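To start, the structure itself, in structure tokens.
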Amino acid sequence: MNKLKTLLSVIVLNCLLAAAAQAQMVVEITRGNPDPTPIAVAPFSWSGSGVLAEDVAGIISADLRRSGLFAPVPQEDMLSFPKSADEVVFRDWRILGTEYVVTGRIQPQGNGYLLTFDLTNVFGQSKTFTKQVSGGAEQLRDIAHKAADEVFEAITGIRGAFSTEMVYVREGSQGGRPVYELMRADIDGARSRPIRRFDQPVMSPTWSPDGQEVAYVSFETGRPAIFRENLRTGARQQLTNFKGINSSPVWSPDGSKMAMVLSKDGNPEIYVLDLSTGRFTRMTRHFAIDTEPNWMPDGKSLVFTSDRGGKPQIYQLTLATGQVDRLTFDGDYNARSRVSPDGKTLVMVHRSRGVFTIATMDIKTGQMRLLTETTLDESPSIAPNGAMLMYATKRGDRGILAAVSLDAGVKYNLPSQRGDVREPAWSPYFD
């Protein structure tokens, strides 16, 4: 169990570290994982003309190295450069202490590429698999990450998350005026590009369960309003236009509904919007402030923040009965809760003795664990495999993003090369 937990805790380290030269963020490892498995990713052959725009083998190697579970052999130390499993000379790799070798061939396929790659077990002197990954002309990085996912899962038995993405908010200035951008990027910060630019603040981005849309709060109309936007077409729809608070949108697990916070009836309360009918249903009725809803994975209840007990704490609302139960008791402030995909762990912003940190809590036992150590950590978002989370923090007077494993064993910073960044949202898997 401990070994599995260790593997899970670093599964997405790979996703956070393979930054391309054009990336908008630079990954800085602040806490790693010991005893990695030696692996070699030999240079891949290319049967087309010209030079490929990306070093696919290099990206895979970087993914695996930075997962914390693997130590790829530097290319300059390799004794041979096999292109297939049949060309692997086991003696060469045993000399280097290598346990696995990845070999591959890239060839043109229509307007894109086809990668055929092998994983060979050196100690077992056997081929583990031969697989193929294809993609379009601009998808060499996607091909590399998918191949790395396959290698990672074959060795660890755990699904990789190299191919996931994030959205976040970046604030900068242009001509002395503030500019707000809703950004989309690979989970390592590479290929960062704006979804939309705003002259007014934008906040609270969240993904749809299928990864095809995002929802967010924009002040472009002069007051907060919730929008949904299709990432492929750019089509968007304004979902709310009420006076007062319109905030904290979050899709239900099946994508049919959206929970949010509205004060249209006078007090901030949790509502659920049926996206097919446009009907709003009020879910909480209390004189206190109820805010920041998030769905449990089964879609049968919501967790939310409320000060109905005197100070902000996390509560759970069972939708069928309306019953509300308090979940957190440790600390004088717990807010911005997120639930792990298995429904067992609560992640939150926690304050104790005046210090704000990111913490987890076992929902069944109530046991709390502090994951971060700085004083301004906020906006946690959990990876789709539940192994790691991303959050916003500060470096000096600038906002940056950081990530930490749920067992606190691995930690990274992802500082932006320009502007303040905040409010990250980790994507679901895209299949």
Side-chain angles (χ1 to χ4, degrees), residues 1-12 157-159 161 206 209 248 250-254 259 270 272 283-284 286 288 290-353 356-373 377-391 403-411 426 428-429:
M1 183 65 184
N2 289 335
K3 184 176 181 180
L4 177 60
K5 185 177 180 181
T6 299
L7 291 174
L8 285 171
S9 70
V10 295
I11 185 175
V12 292
I158 301 167
R159 186 175 182 180
T206 183
S248 303
V250 59
W251 260 280
S252 62
D254 65 2
I270 308 297
V272 170
M283 306 307 302
T284 60
H286 200 279
D290 295 333
T291 186
E292 300 174 340
N294 197 251
W295 295 84
M296 292 293 287
D298 61 7
K300 296 180 179 180
S301 62
L302 292 164
V303 294
F304 65 97
T305 306
S306 178
D307 63 354
R308 59 181 63 195
K311 294 182 179 179
Q313 296 291 343
I314 310 301
Y315 294 78
Q316 182 173 359
L317 166 67
T318 301
L319 298 180
T321 64
Q323 179 177 334
V324 175
D325 299 296
R326 180 171 169 176
L327 297 181
T328 58
F329 295 88
D330 188 3
D332 58 7
Y333 177 101
N334 291 289
R336 196 61 185 268
S337 59
R338 296 292 182 263
V339 184
S340 63
D342 62 8
K344 296 179 180 180
T345 303
L346 199 65
V347 175
M348 71 203 79
V349 178
H350 170 79
R351 184 179 67 191
S352 181
R353 300 177 182 176
F356 287 94
T357 62
I358 305 299
T360 64
M361 189 191 78
D362 184 300
I363 294 177
K364 184 176 181 179
T365 67
Q367 182 177 0
M368 186 89 68
R369 168 181 283 176
L370 302 185
L371 300 184
T372 63
E373 301 160 351
D377 301 332
E378 59 184 16
S379 304
S381 180
I382 305 177
N385 52 29
M388 206 160 193
L389 63 90
M390 189 176 296
Y391 61 98
V404 63
S405 58
L406 265 68
D407 67 357
V410 181
K411 188 178 178 183
W426 204 309
Y429 289 115

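Side chains included, hydrogens not; waters and symmetry mates left out as well; all remaining heavy atoms used. Please read all numbers here as calculations on a predicted model, not as lab measurements.
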Checklist entry - Can you list every side-chain hydrogen bond (donor to acceptor under 3.5 Å, both in side chains) pair that touches residues 291-300, not counting sequence neighbours? => result E292-T305
Checklist entry - Looking only at heavy atoms, which two atoms of M348 and T360 are closest? And how far apart? => result CE-C, 4.5 Å
Checklist outcome for this item: When every non-hydrogen atom of L370 is compared with those of A359, the smallest separation belongs to CD2-CB, 3.8 Å
Checklist entry - Is the shortest heavy-atom distance from the side chain of V404 to the side chain of L389 under 4.5 Å? => result yes
Next on the checklist: Checking side-chain polar atoms at under 3.5 Å, does Q323 have a donor or acceptor matched by the opposite partner on T318?
Outcome noted: no
Next on the checklist: Determine whether N334 and M361 satisfy the following criterion, side-chain contact (heavy atoms from CB on, under 4.5 Å), listing intermediate values before the conclusion.
Outcome noted: CA-CA 11 Å; N334 291 289; M361 189 191 78; over 6 Å; no
Next on the checklist: side-chain contact (heavy atoms from CB on, under 4.5 Å) for D377 and V349? Distances and angles first, verdict last.
Outcome noted: CA-CA 7 Å; D377 301 332; V349 178; over 6 Å; no
Next on the checklist: As an exercise, state the distance from OH of Y391 to CG of L371, rounded to the nearest 0.5 Å.
Outcome noted: 8.5 Å
Item to check | Euclidean distance, T328 OG1 relative to Y333 OH, rounded to 0.5 Å | outcome: 11.0 Å
Item to check | From L319 atom CG to M296 atom CE, the distance as rounded to the nearest 0.5 Å | outcome: 11.0 Å
Next on the checklist: On a heavy-atom basis, which atom in G343 and which in I363 lie closest, and how many Å separate them?
Outcome noted: O-CD1, 3.5 Å
Checklist entry - Are F304 and V324 close enough, and set up right, to give a side-chain contact (heavy atoms from CB on, under 4.5 Å), and what steps lead you there? => result CA-CA 10 Å; F304 65 97; V324 175; 4.0 Å; yes
Item to check | Gap between atom CZ of R159 and atom CG of N385 - 0.5 Å precision | outcome: 9.0 Å
Next on the checklist: How close do Y315 and S306 get, counting heavy atoms only, and between which atoms?
Outcome noted: CE1-O, 3.6 Å
Checklist outcome for this item: Heavy atoms of V339 and P297 approach each other most closely as CG1-CD, 3.9 Å
Next on the checklist: L302 vs I270, test: side-chain contact (heavy atoms from CB on, under 4.5 Å). Steps then yes/no.
Outcome noted: CA-CA 9 Å; L302 292 164; I270 308 297; 4.0 Å; yes
Checklist entry - What pairs with S337 under side chain to side chain contact (heavy atoms under 4.5 Å, CB included), at least two apart in sequence or on another chain? => result V303, I314, L346
Checklist entry - Measuring from Q313:CD to F329:CZ, what's the distance to the nearest 0.5 Å? => result 8.0 Å
Checklist entry - Is it the case that S379 and R336 place a side-chain donor and acceptor less than 3.5 Å from each other? => result yes
Checklist entry - Any side-chain heavy atom of P293 sitting closer than 4.5 Å to one from S248? => result yes
Checklist entry - How long is the gap from CZ on R369 to CD on Q367, to the nearest 0.5 Å? => result 7.5 Å
Checklist outcome for this item: What one should report as the nearest heavy-atom pair of S340 and I382 is N-CD1, 3.6 Å
